[in-house]
There are 2 protein chains.
Amino acid sequence: MTKRSAQAPPRDATPPRTRIQKRNRELILEAALEVFSQTGYRGATLDQIAAEAGLSKPNLLYYYPSKEAIHRELLHGLLDTWLDPLKALDHGGEPLDEILEYVRRKLQLARDFPRESRIFANEILQGAPTILPDLEGDLKTLVDRTAQTINHWVKADRLAPVDPVHLIFSIWALTQHYADFEVQVRAVNGGADPFPAAEQHLETLFRRMLSPA
Amino acid sequence: MTKRSAQAPPRDATPPRTRIQKRNRELILEAALEVFSQTGYRGATLDQIAAEAGLSKPNLLYYYPSKEAIHRELLHGLLDTWLDPLKALDHGGEPLDEILEYVRRKLQLARDFPRESRIFANEILQGAPTILPDLEGDLKTLVDRTAQTINHWVKADRLAPVDPVHLIFSIWALTQHYADFEVQVRAVNGGADPFPAAEQHLETLFRRMLSPA
DNA sequence: GTCTATATCACGATAGAC
DNA sequence: GTCTATCGTGATATAGAC
């Protein structure tokens with residue numbers, strides 16, 4: 001494979017029909033999540049995924065037509081979960097509370113689903129060959145909508161002046177850092193669990209940054 | 001290759017003797033930087049690196065004994081450059097200015113050397129198989145020292161109370177995000193250059209967060 | 001020092017029996 | 001649906017001529 005983006009027929013697997021199919025597809029996706037998140041798309045092998053899923057390699061390829069198909073379905077399934085917290089932001093709520101709650105949810109995701117976070121990080125790092133259209137589409141739409149809300153809050157003096165899009169970038173960066181760079185965080189932290197202090201730290205940070213004058 | 005960490009003799013290349021050797025080694029490292037940063041360690045091939053360096057593949061392997069040796073030397077060479085801004089922090093300076101200057105330098109690195117940032121991100125994401133010792137050693141030492149200074153600043157009321165280590169994490173996360181997740185940033189940003197606004201945004205953020213009461 | 005040619009092997013994917 | 005066996009490709013690394 002020279003370029004993942006320049007390929008002929010990106011055909012997904014057919015939808016599951018029986019319960020066994022459903023179960024095995026789930027087993028495969030769970031195994032793929034584990035393996036892809038550790039070594040990235042290129043580093044992962046079908047052998048590893050098959051072993052992790054408790055299936056033989058050909059059997060795995062009976063359920064999904066190719067390695068790329070597994071990866072694609074995994075990413076798209078994850079995208080929703082990943083964007084949910086932003087969708088849950090209540091545009092009619094109390095501004096600072098809404099944002100702090102969003103930060104809290106994102107940090108929880110980083111703590112509870114680090115593998116998901118790392119798969120995304122890997123995908124973006126390589127230039128998002130699979131989900132770039134989703135980033136330019138759904139994600140951009142969602143961010144633009146949220147940015148409008150934040151701008152309204154600022155204009156109504158309910159939030160300190162801030163660039164709304166870069167505020168969202170900041171929330172992503174600060175929370176996902178604890179999942180994606182966990183090894184570094186723990187190395188510097190002496191191996192201790194960083195999340196309790198991180199939660200406190202981020203709440204302080206955003207409070208000071210965003211409390212209206 | 002199943003595990004990069006479980007290998008027998010990690011022997012580096014011999015030091016360069018002639019000017020030609022020096023020049024070719026530099027060519028190779030520059031090419032490796034380009035290729036590794038795009039597709040990660042596993043995704044990169046010696047063919048690509050050789051082509052990028054303008055050398056034949058066997059010739060490339062005359063200068064470095066293996067793909068891993070190239071990667072290792074590249075990472076270690078980068079580590080210094082990457083930590084310099086933190087070392088440059090003046091413990092006797094004006095606290096807020098010093099930190100803002102550090103943020104500015106890190107953001108400049110993200111803008112001017114995104115390939116270096118992405119190679120690090122890739123390495124950490126995969127569990128830092130090559131540079132974990134450096135993280136637990138030099139990096140931790142440097143962070144601990146800086147944290148002490150920040151704590152002194154806080155105790156002298158020259159800086160708002162803050163968890164010093166998580167402050168450093170925050171600076172890393174917020175600046176490197178613009179290099180490592182550039183594709184996502186640009187997708188959401190409509191393709192525009194995010195750096196001018198980012199610089200303004202981060203200065204505001206850290207000013208509000210850290211200005212003493 | 002640099003090249004052509006090639007050994008060797010791992011990986012993705014397929015064939016075909018059951 | 002699941003397995004064993006295997007094909008074809010592409011990648012790292014080496015041999016050996018020049």
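A, B, ... follow the sequence lines: proteins, then strands. Residue 1 opens every chain.
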Review point. Can you tell which of C/dT4, C/dT14, C/dG1 lies closest to the side chain of B/Gln21?
Key: C/dG1
Review point. Could you give the CZ-to-P distance, from B/Arg23 to C/dT2, as a whole number of Å?
Key: 12 Å
Exercise for review: Return the value, rounded to whole Å, for the distance between atom CD1 of A/Ile28 and atom P of D/dG1.
Suggested key: 12 Å
**Study point:** Of the listed nucleotides C/dT2, C/dC11, D/dA5, the one nearest the side chain of A/Pro58
**Key:** D/dA5
Exercise for review: May I ask you to test the B/Glu26-B/Glu30 pair for a side-chain heavy-atom distance under 4.5 Å?
Suggested key: no
Exercise for review: For the side chain of B/Tyr63, starting at C-beta, report the closest nucleotide among C/dG1, D/dA5, D/dA11.
Suggested key: C/dG1
Check your understanding: Rounding to a whole Å, what distance do you find between A/His71:NE2 and C/dG12:C1'?
Key -> 16 Å
Practice item. Indicate whether OP1 or OP2 belonging to D/dG1 is found under 4.0 Å from a side-chain N or O atom of A/Thr18. Key: yes
Review point. Within the pair B/Ser56 and C/dC3, is there a side-chain N or O less than 4.0 Å away from OP1 or OP2?
Key: yes
Review point. Hey, does A/Ala44 reach any base, or is it just sugar-phosphate, or nothing, if we go heavy atoms under 4.0 Å?
Key: sugar-phosphate
Point to revise | Between D/dT6 (P) and A/Asp47 (CG): distance, integer Å | key: 16 Å
Check your understanding: In whole angstroms, how far is the P atom of D/dT2 from the CZ atom of A/Arg25?
Key -> 13 Å
Exercise for review: Output the single nucleotide from C/dT14, D/dT12, C/dG1 whose closest atom is nearest the side chain of B/Lys57.
Suggested key: D/dT12
Review point. If you draw the axis of the six-membered ring of A/Tyr178, does the NZ or CZ of A/Arg111 fall within 45° of it and under 6.0 Å from the ring centre?
Key: no
Review point. Taking atom P of C/dA13 as reference, at what distance in whole Å does atom CD of A/Gln48 sit?
Key: 15 Å
Review point. Distance under 6.0 Å and angle within 45° of the ring axis: does B/Lys57 meet both against B/Tyr62?
Key: no
Check your understanding: Nearest to the side chain of A/Leu61, which nucleotide is it out of C/dA13, D/dT14, C/dT2?
Key -> C/dA13
Point to revise | Test item: B/Gln48 side-chain N/O and B/Val35 main-chain N/O as donor-acceptor pair under 3.5 Å | key: no
Practice item. Respond yes when some side-chain nitrogen or oxygen of A/Tyr62 is under 4.0 Å from OP1 or OP2 of D/dC3, and no when none is. Key: no
Check your understanding: Can a side chain N or O of B/Tyr64 be found less than 4.0 Å away from OP1 or OP2 on D/dA13?
Key -> no
Practice item. Could you tell me whether A/Leu46 contacts a base, only the sugar-phosphate backbone, or nothing, with contacts defined as non-hydrogen atoms closer than 4.0 Å? Key: sugar-phosphate
Check your understanding: B/Leu60 CG to C/dG1 C1': how many Å, rounded?
Key -> 13 Å
Point to revise | Under 4.0 angstrom between B/Asn59 side-chain N/O and C/dC3 OP1 or OP2 | key: yes
Study note, to complete from the structure: A/Asn24 has its side chain closest, among D/dA13, C/dT2, D/dT2, to D/dT2
Practice item. Report the residue from A/Phe36, A/Phe120, A/Tyr64 that forms a ring-ring contact (aromatic ring centres under 6.0 Å, His included) with A/His71. Key: A/Phe36
